[in-house]
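Encoded as structure tokens, the structure appears first; notes follow it.
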Amino acid sequence: MHTFVTHRRIPAHKPPRTSNTWAERILSLLLVAASVALGFACVVALMQTFQQSISIKTLPIRLEAKSTDEIMHGTGVTSTSATVGMVEPSADDIARFRKAAKVLDPELMHQVPDNFDSVIKNPCWSTSSGEFRCLPYFYIMGMFHAGAVSLAEKLRQHPDVLWDVCSGCQFWGEEGKSMAFYLDNMKEAAKFVKQSPEKKVIFDGSPSSFAFYWAAAGKAHRAYAEAMKPCYQSCVESSNVQKVPVATCMTEKCYNASLAADAKRAVEAGISWDTEAHNPLLMRAVYGDRPPKLILVARDPIARLYSAFHGYPHYHNKYGKSSAGFTAYVEDQVGAFRTCAKDYGEDRCALYFEALGHREEVVYFHADQLMRGMYGLFLEIWYRFIPASNWMVIHSDDLFQRPKETLAKVVDFLGLTKVDDATLERMASAGRMGSFTNGQEPIQPKARQMLTELYARYNTKLAKLTGDARFEKWNEQP
């Protein structure tokens, strides 16, 4: 029998509400009723980061089209090194990550110890007050509309696996949830770990954990929010008194300064803002020398996006629940992303989109769903902090078509107790594996072509990182 912790539950299947604009978030906090005059303001440029110091002077209003490597003094967001993910960070690296995390998100690190109890399989410890606390042993990192939620349901049938309130609360991908909250909502499962320390493990199946596009990256970029909040308030006041459009004011004063403050915080933390100030560093810092096991279910990003379009009503309500509506949606989203990329480079737009300026801020839901399919970009950064040996990347076809065989491999990867055939059958049959696109029209050729071109480089990168050539086959769309 599997163990089910029955106290308060937060449904694991709900997508994170991560697409509020900064203006909307701050507006609700300040209870300011203001009418925002949306002008066609040009986009501010990014600040320049130095190893030891940072300039926050006013930058040129618009960058010329540049590759990501040309921006930030030749420091690219990602690396194409064949050794990425193959080398475990050194003890010195981990110490540096932990020191940096204490600057980026002090509360996150304040709650966790320097070391976990070495005789317990799951990362756990006892606090100074005698409380027994545990972090998840493994994560199903993503993706929504790829089979991650179904996989979580299947693994819950394993006798070693425990889940709790925050096994689906989107902790890493959503703002407003502290580490204290996270640990408190894992405490019931921790009791079962204490009873069976050599076998029982806790998991987090939140599919928003993997892709840390801007709306899902708040924990690593608190300095941006801290700078943006008073600046936005000042712009609202200027709008009320001087009739200066809020969007114009924010373009002139807020975006550039907030990005500069965020980069300055990274320098203070002793890390590269461009290559290291991301959620993966924070997760590795929390776990120290005992990194968790991580699982990603990757589905053809075009099929995943089409499912999300039909699964979330706000998309098809706006564009129309049809193949033609999806094409209109793709034209808007890909068009906005391409426009951003001309100024900042594709990787930078994928990671910082709405933080870059007003033009990106007003794009419908910030093109979040588009970014979620750029698996190769995010995985390469993850591999810098948690190496490939701690990852299992599952092609969704394997989960959908060969669930029993795939689950047996997952059990081995996680180091769980081997189970008999009947248990594997029960695990394989658990969890809904439907699709929001069943009965829908085929994707129109125009939308498919635009998306194939957009995702090609990320599919190729994913194939190289994982050694699974099937991911590059996604570039061969019918």
Side-chain angles (χ1 to χ4, degrees), residues 13-21 23-24 38 40 43 142-148 173 207-208 210-211 213-216 298-344 346-347 349-378 396 434-459 474-475 477-478:
H13 64 276
K14 291 185 178 180
R17 188 173 184 270
T18 58
S19 295
N20 289 8
T21 64
E24 290 170 333
L38 298 178
F40 290 94
V43 181
M143 296 294 297
F144 285 111
H145 298 273
S208 65
F210 177 72
Y213 50 88
W214 188 255
R299 182 184 182 187
D300 178 348
I302 299 176
R304 197 215 68 82
L305 185 65
Y306 197 41
S307 177
F309 176 82
H310 284 288
Y312 301 137
H314 51 274
Y315 293 117
H316 57 249
N317 286 347
K318 176 178 173 65
Y319 293 95
K321 193 173 177 63
S322 65
S323 185
F326 181 68
T327 298
Y329 163 74
V330 169
E331 288 178 315
D332 280 359
Q333 302 279 288
V334 174
F337 185 81
R338 292 296 195 197
T339 298
C340 177
K342 288 179 181 177
D343 289 334
Y344 301 110
E346 288 189 10
D347 291 354
C349 289
L351 294 170
Y352 305 103
F353 194 72
E354 63 266 34
L356 297 173
H358 175 69
R359 180 185 63 189
E360 285 69 36
E361 171 74 4
V362 298
V363 172
Y364 192 65
F365 274 75
H366 306 145
D368 286 357
Q369 292 296 336
L370 212 63
M371 280 74 147
R372 287 182 179 178
M374 298 175 179
Y375 313 129
L377 168 65
F378 297 109
S396 63
S435 174
F436 288 100
T437 58
N438 288 341
Q440 300 295 335
E441 303 169 297
I443 298 173
Q444 292 183 344
K446 183 176 183 180
R448 187 174 292 280
Q449 182 62 30
M450 292 180 71
L451 293 170
T452 299
E453 293 172 358
L454 177 73
Y455 286 127
R457 64 187 291 259
Y458 302 109
N459 295 340
W474 290 338
N475 295 340
Q477 294 289 331

query: Less than 4.5 Å apart, any side-chain heavy atom of Val330 and any of Arg448?
result: no
task: Measure the spacing between OG1 of Thr437 and CD1 of Ile443 and express it to the nearest 0.5 Å.
output: 8.0 Å
- prompt: Donor-acceptor pair, Arg299 side chain versus His145 backbone, under 3.5 Å?
  reply: yes
- request: Taking Ser322 for its side chain and Gly325 for its backbone only, find out whether a donor-acceptor pair lies under 3.5 Å.
  value: yes
statement: Hits for side-chain contact (heavy atoms from CB on, under 4.5 Å) against Gln449, two or more places apart or cross-chain, chain-then-number order -> Glu453
task: Would you check if Asp347 and Met374 make a side-chain contact, meaning some heavy-atom pair closer than 4.5 Å?
output: no
field: Contacts of Tyr306 that satisfy ring-ring contact (aromatic ring centres under 6.0 Å, His included) - sequence neighbours left out
entry: His310, Phe326
- prompt: With no hydrogens and no angle check, is any side-chain donor or acceptor of Ser307 less than 3.5 Å from a backbone partner on Ala303?
  reply: no
- request: Considering non-hydrogen atoms only, spot the tightest contact between Gly320 and Phe309 and give its length.
  value: O-CZ, 3.4 Å
- prompt: Quick one: does Met371's side chain get under 4.5 Å of His366's, heavy atoms only?
  reply: no
query: In Å, rounded to the nearest 0.5 Å, how long is the span from CD of Glu354 to CD of Glu361?
result: 6.5 Å
field: Close side-chain approach of Asp368 to Trp214, heavy-atom, < 4.5 Å
entry: no
task: Can you sort out the partners of Tyr364 under side-chain contact (heavy atoms from CB on, under 4.5 Å), two or more places apart, ordered by chain and number?
output: His314, Tyr315, Lys318, Tyr319, Gln333
- request: Taking all heavy atoms of Tyr312 and all of Gln369, pick out the closest pair and write down the distance.
  value: CE1-NE2, 3.2 Å
N/O donor-acceptor pair under 3.5 Å between Gln444 side chain and Thr327 backbone: no
query: Just how far is it from atom OH of Tyr329 to atom CZ of Phe365, taken to the nearest 0.5 Å?
result: 9.5 Å
- line: Nearest heavy-atom contact between Phe378 and Tyr213 is CE2-N, 3.7 Å
- prompt: What pairs with Ala336 under side-chain contact (heavy atoms from CB on, under 4.5 Å), at least two apart in sequence or on another chain?
  reply: Phe353, Val363
message: Is any side-chain heavy atom of Leu451 closer than 4.5 Å to one of Pro301?
response: no
- prompt: Minimum heavy-atom separation for Glu346 to Phe337, with atom names?
  reply: O-CZ, 3.4 Å
Sequence neighbours excluded - disulfide bond (SG atoms under 2.5 Å apart) pairs with any residue from residues 303-344: Cys340-Cys349
- request: Please name all residues satisfying ring-ring contact (aromatic ring centres under 6.0 Å, His included) with His316, sequence neighbours left out, ordered by chain then number.
  value: none
Spacing of CG belonging to Leu305 relative to CG belonging to Leu454, to within rounding of 0.5 Å: 9.5 Å
query: In Å and rounded to the nearest 0.5 Å, what is the CD to CG distance from Glu360 to Asp343?
result: 7.5 Å
task: Answer yes or no: is there a side-chain heavy-atom contact under 4.5 Å between Tyr455 and Ile302?
output: yes
- request: Mark yes or no for whether Arg304, through its side chain, and Ala298, through its backbone, hold a donor-acceptor pair below 3.5 Å.
  value: no
